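Since this is a predicted model, take the numbers as computed values, not measurements. Keep in mind that the numbers below use all heavy atoms, side chains included, and drop hydrogens, waters and symmetry copies.
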Amino acid sequence: MYYVNQEQIERRLNAIPEIAEGLRTAAQSWDGGLTLGLVQERALHLAIEVVTDIGSYLIDGFIMRDASSYEDIMDINHEEKVFPQEVHTVLLDLVRLRKPLVQDYYEWERHSLHPLTPLLPDVLEQFADNVREYLKNEMY
């Protein structure tokens, strides 16, 4: 029997609507200013943390192969059919932003709208639906 920490997964899934709202607001109101630049930056960072945390919980809970990187977390979940290719492609691009956002933040271009910002809200919502459906199918 698997032990999947569904409570922690759901807590993280429940953060997605606010992250999506921040990304939508940044994209729709983009003015190149510092405030929306920081909103975008934080929302992208939170999006990365949410998808990698959830992916790690699924890997641990369903005893999938060990991940060697953030990209590998996304690859493993895709291979296990948690989410489809179109979600996988965007999530790979997203997790590749972790180092620039977290370690090289002093070089991040805050005055430009990142190409993922307008795409991510819908992808994150689809990701949440995919994860919930996967759990429903695998747990019951």
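Under a hydrophobic-cluster definition in which Ile, Leu, Val, Met, Phe, Trp and Tyr are linked whenever side-chain heavy atoms come within less than 4.5 Å, directly or via other members, Leu36 and Leu119 are assigned to different clusters. With hydrophobic clusters built from ILVMFWY side chains whose heavy atoms lie under 4.5 angstrom apart, Leu58 shares a cluster with Leu94. Both Tyr70 and Leu44 are part of a single hydrophobic cluster, where members link through side-chain heavy atoms under 4.5 Å apart. In terms of hydrophobic clustering, with Ile, Leu, Val, Met, Phe, Trp and Tyr side chains grouped at heavy-atom distances under 4.5 Å, Leu92 and Leu23 are assigned to a common cluster. No path of Ile, Leu, Val, Met, Phe, Trp and Tyr side chains, each step under 4.5 Å between heavy atoms, connects Ile19 with Leu38, placing them in separate hydrophobic clusters.
Residues His78 and Phe83 are in side-chain contact: their nearest non-hydrogen atoms beyond the backbone lie under 4.5 Å apart. Considering only heavy atoms from C-beta on, Asn137 comes within 4.5 Å of Glu133 through its side chain. Within the 4.5 Å cutoff, no side-chain heavy atoms of Ile9 are placed close to those of Asp53. Using a 4.5 Å heavy-atom threshold, the side chains of Pro118 and Gln28 count as separate. Side-chain contact check for Leu13 versus Glu10: some heavy-atom pair is nearer than 4.5 Å. Using a 4.5 Å heavy-atom threshold, the side chains of Ile73 and Ile59 count as touching. A 4.5 Å side-chain heavy-atom check between Val51 and Phe127 finds at least one atom pair inside the cut-off. The side-chain heavy atoms of Leu116 and Leu97, taken from C-beta on, include a pair separated by under 4.5 Å.
Side-chain atoms of Asn77 and His88 form no donor-acceptor pair, as typed in the model, at a separation below 3.5 Å. When only modelled atom types and interatomic distance are considered, Thr25 and Glu21 share no side-chain donor-acceptor pair under 3.5 Å.
Scanning all heavy atoms of the two residues, the minimum distance from Arg110 to Trp30 falls at O-CH2, 3.6 Å. Closest of all the heavy-atom pairs between Asp72 and Ala67 is OD2-CA, 3.4 Å. Taking all atoms of both residues into account, the shortest heavy-atom contact from Ala26 to Thr117 is CB-CG2, 4.2 Å. What you find for Pro121 and Ala20 is that their closest heavy atoms are CG-O, 3.7 Å. Taking every heavy atom of both residues into account, Met74 and Leu91 meet most closely at SD-CB, 3.7 Å. The nearest pair of heavy atoms linking Ala128 to Ile16 is CB-CD1, 3.9 Å.
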Q | side-chain contact (heavy atoms from CB on, under 4.5 Å) between Asp104 and Tyr106, intermediate numbers included | A | CA-CA 5 Å; Asp104 301 329; Tyr106 49 86; 3.6 Å; yes
(Q) Using the rule given for salt bridge (charged side-chain N to carboxylate O under 4.0 Å, His left out), can you reason through Glu79 versus Arg65, listing the C-alpha separation, both sets of side-chain angles and the distance that settles it, and then say yes or no? (A) CA-CA 10 Å; Glu79 290 163 8; Arg65 72 174 173 85; 3.5 Å; yes
Q: Report the C-alpha separation of Phe62 and Tyr134 in whole Å, then their side-chain angles, then the decisive distance to 0.1 Å, and conclude whether the ring-ring contact (aromatic ring centres under 6.0 Å, His included) test is met.
A: CA-CA 11 Å; Phe62 288 106; Tyr134 182 83; 5.4 Å; yes
(Q) Walk me through whether Asp122 and Arg24 qualify under salt bridge (charged side-chain N to carboxylate O under 4.0 Å, His left out). (A) CA-CA 9 Å; Asp122 291 340; Arg24 279 192 181 101; 2.8 Å; yes
**Q.** Audit row: His114, Gln40, side-chain hydrogen bond (donor to acceptor under 3.5 Å, both in side chains) steps and yes/no
**A.** CA-CA 8 Å; His114 193 278; Gln40 171 184 242; 5.8 Å; no
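When atom types are taken as modelled, the side chain of Glu109 and the backbone of His111 share a donor-acceptor pair closer than 3.5 angstrom. A side-chain donor-acceptor contact under 3.5 Å links Thr52 to the backbone of Ile48. With hydrogens and angles disregarded, a donor-acceptor distance shorter than 3.5 Å links the side chain of Asn5 to the backbone of Gln8. Distance alone, capped at 3.5 Å, places no donor-acceptor pair between the His45 side chain and the Val102 backbone.
Using a cut-off of 4.0 Å between Lys/Arg side-chain N and Asp/Glu carboxylate O, Glu49 and Arg12 are scored as not salt-bridged.
Here the straight-line distance linking atom CD of Glu41 with atom CG of Leu46 works out to 11.0 Å at 0.5 Å rounding. Taken from OG in Ser56 to CG in Asp66, the straight-line distance is 10.5 Å, to the nearest 0.5 Å. Atom CD1 of Ile54 is separated from atom CZ of Arg132 by 8.0 Å, given to the nearest 0.5 angstrom.
Heavy-atom contacts from other residues, nucleotides or ligands closer than 6.0 Å to CD of Gln6 number more than 12.
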